[in-house]
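Chain letters run A, B, ... following the sequence lines, proteins first and then strands; every chain starts at 1. What you see is a predicted model, and the numbers here were worked out from it, not measured in a lab.
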Amino acid sequence: MKSLLISSGRLPIGRLTAAVVAFALVPLALLTYFSLTLSSEAVGKEVEKRLQATASLSGSVVNQELSGLSDLVESYADRPNLVRSLEDGNQTQIVHHLRELRAARGGIYTTFMARPDGTLVQIVPLTPSIVGKNFAFRNWYRGVTSTGLPYVSELYRTQATGRPLVVAAAALVRDETGNPIGILVAAYGIGHVQQITDDIARAQGVVLKVTDQRGNLVAQPGGVTELTSRRADPRVGAALEGGDGITTVDTPDGHRVSAYAPVASFGWTVTSSVPSDTAFAAVSELRSAVLSVAAVLAALLLGGGILLLRTLVARRNAEEGARRQAGINEAVLEATTEGIALVAPDGRVAVANSAFERMLGDMLGEAVSLSAEGLPLRELAAGVAERTADPDAYRSDVAALAEDTQRIALDAFEIRETGQAFQRYVAPVADSAGRPLGRVVVLRDVTAEREGDRLKADLLSTVSHELRTPLTGILGFAELLVSHDTDQETRERYLRTIHSEAMRLTALITDFLDLQRIEEGHLRLSLEAFDLREVLSREAELFGGQSRQHRLELRTPEEPLRVVGDRERLTQVLANLLSNAIKYSPAGGQVEVASEHRNGMIRISVSDTGIGIPSDQQRHLFQKFFRVDSSDTREIGGTGLGLALSREIVEAHSGRMGFESVEGEGSTFWLELPSGAARAQGGRGRVLVIEDDPVAAELLAAQLRAEGYAVENVSTGEEGLARVAEDPPAVVCLDIDLPGDLDGWQVLGRLKADPSTAAVPVVVCTGGNGRGKAATLGAADFLTKPFSAEQLRETMKRVLPRKSGLVLVADDEATVRRLVGDTLAGRYELAEAADGVEALEAIAERRPDAVVLDLMMPRLDGFAVLERLQEDPDLRTIPVVVLTARQLTANDRRMLSAQAVALLEKGFYSQQELVGLIAQAMARSGDGEASNQQ
Amino acid sequence: VCDDEEVLRVLIAAALGSDYELVEARDGDEALERARAERPDLIILDMMMPGRSGLDVLPELRSDAELGPTPVVMLTARTQAADREAAAAAGADRFLAKPFSPLELSRVVAELLDR
């Protein structure tokens, strides 16, 4: 098919989507990552800077505080009045100075004066109990005495009232010569330092801790109430040694970022710290902001991706649907036998199926390939026009079409050379919106139809001619008789001619109607089993008697030529062949009829030494009304239908018919029919009677026939053995006293010794004794002559093989019932029905295991019977073999397929086939209902 | 008288035999042969014969200088107008459709010979 249907590749949706995600999400992730990294670095630096700044700020504030304290104490120590008071030992003045100093600055807990050896001179608030005690063990003492400079001590717990933790600022009091005469000390509560650091810490959002020069904690969040050494803290250690820096520490509360710095001049340390998560709270905030933005972006991207994916999938599905529909359309276009093309408005072939291409090729006399670009149809049409029988007419048709694009046309044309006839249908095509798509051109090859019409017309005129000729004779002579006075002799001659012409006309009409009936499938054969030898010898005698001028020789085999067929019809065939052979042979010619078994068929040939058939006419021989045309045949009458009819009849019997002929030497016509074997005979099976006494044999045969058995009689043991071997009967009735070399016992022994015949039951029928011997030798039963019909019946029932099922044969024709019955007799029990109603009654009453059903029956036809069976779940499973003379349509077959296991056409099946089908059906029915219900 | 059917030749003989001398032919070739030999005054020609049909024979008769003017009665089983026209075109003087009346035939023959 050349089509312009758009085809597109499958979209790689999976990969496409992955690419979109990769291209969009990866940069987003990178952006997020880098912004987070950069911001956290920046924030980290900012935090560190703040911590360090806080640490150093705190350091300097503490330094100022301590310096202020230290400077204050030093300034008091330098007071000349105080020096004098100390030199004078004026306690009152000393107390006064101490009080002044204590009041000079908030946070001073006690002030006191000690001698250079560390002995307490005076203390404010006054505490007489400790005056005179030596405090040289205090750090302030060691600090101030070792350097001689003002000193701020380590933290310690004072012994003064309340025993608070204090630091002491000490300065030497010197006389005019510079010799130390006392030490002035102010014990300073650390609450102030605590307050300062708390303020800074709060303002900066950090944790500040301050230690003294020993590493003892001076200030921390929540205050200091105990002496706690923090020397072990590496930050404190480092700061004690004068270093500063920043570090991250793990504490039980988590990661902390911490800065440390020394407090200048005093050896104290400050550490400022924040928990990492707090420090990076901004980072996390930023991070979560970035992440949420990223997440939103990613979600949008993914959502977009999914939407895109769904859109693409939907589009692909739609495309696939469209493609599939296009595929269906294409397949439909390709499956049709008509050439179909869509011609676009520009005159190019847009779509064309291969039938169209082929037909166009036939028209142009050369193969045409309609490429995808489409050939302009007009060019092709011009080429076709040249080859039509009437190019002008074709051209004017095409021109009319070109003129009016809405034109709907149905015309036909013929190709001159080939005689092919085409019908052309052209109609405009529009899409669902009404836009014109072009026009569809449908081509149909009507050559065969035309030919059929021509043949029909020829046949009609031939029939007309053939019928009118005898009619002319009849009417003509009748007219002459009426109109002229004729003498007796002439009158008789005229009347004889009228009679013979009337006979000829009758034969013609009969043959013709027969032939029509056969051709239409309406021929009904009355089938029966018979020996063709009878027919052959009777016909040979008849024809031999008619023609004294011919020698007629008949050769038949000794064994019967059993066929199952329509006796009258087959007789008609043989008569036709014999009549032809005699008619077409010169006087003195010889006609030979031979018959034989050949390859399971029965072959009958009729040879003559006549004029033969010219080879150029041989192929027409079986045509209706054909008569060999030569000067010698003109005088020979005949309808010209005999051979055509004969062949139809033979073929209706599943046979074949043919001839060999040499012009001038003679012809041999032959036919082959399927051998009906000997199976089909007599109702309940065939009994072979081996009996030499004709009276006894006839009596037995009559009794058996009355019981419905077919009977064959031979008179010697040898013949009997041969017959059983050749065609085993259902039962053998064996006489003991037989002529010839074999007696009954020997025959019995041989039958039972041969495996191929041992299964045939043998009933010994004798006037003598020997029941025991018969049983020993394997006889099935023993009958002593004379016996009654009753005895015989019982015996036969006993010995016949058990029948394995009931088969109903439903057919309105008794011959068919008999024939089928004969075929199945001995194998199954049989029931018969002559029409559909009877059949249904019998089925309901006896529920057969299988039904052989005719379709065309009175009262209720086979279709209706099957329908009723289908309605009944119990009967639905009965296998049915349909046997019909009717030609079945596809629809018929469909209707039958529900229950029928096989369809046999009357006259077209063998006995073995029927037996096999019934056996299969029985077997299947035995397998269980399920398999039949399908 | 040219007809492949014996019974019709017999019938024609019965109808015309007492008044005219008859020559018979059984097919087209024989008809031409005998016509040339016997020079009949009138030819009765069957249209439908095996081998050469009446329609084949007639133009040949007409083209023969001597036989050309001989009146021809054509017999045919075909009654369609087309056959009638074909017979006329081929040059038949009269046309009788089967089954024809022997009396009609003898009237036609008499008429043609009287002219």
Review point. Looking only at heavy atoms, which two atoms of B:Asp41 and B:Pro71 are closest? And how far apart?
Key: O-CD, 3.2 Å

Check your understanding: Would you say A:Asp485 has more than 12 foreign heavy atoms packed within less than 6.0 Å of its CG?
Key -> no

Check your understanding: How would you list, by chain and number, every residue that makes a side chain to side chain donor-acceptor pair (under 3.5 Å) with A:Glu489, sequence neighbours excluded?
Key -> none

Check your understanding: Do any of residues 387-397 of chain A come closer than 4.5 Å to chain B, heavy atom to heavy atom, and if so which ones, in number order?
Key -> none

Review point. Any salt bridge between B:Asp93 and B:Arg62, counting N to O under 4.0 Å?
Key: yes

Practice item. Please collect all ring-ring contact (aromatic ring centres under 6.0 Å, His included) contacts where either partner lies in residues 16-35 of chain B, sequence neighbours excluded, each pair once. Key: none

Check your understanding: Relative to chain A, which segment of B:Leu8 carries a heavy atom at a distance below 4.5 Å: side chain, backbone, both, or neither?
Key -> side chain

Review point. Mind checking what makes side chain to side chain donor-acceptor pair (under 3.5 Å) contact with A:Glu665, not counting sequence neighbours?
Key: none

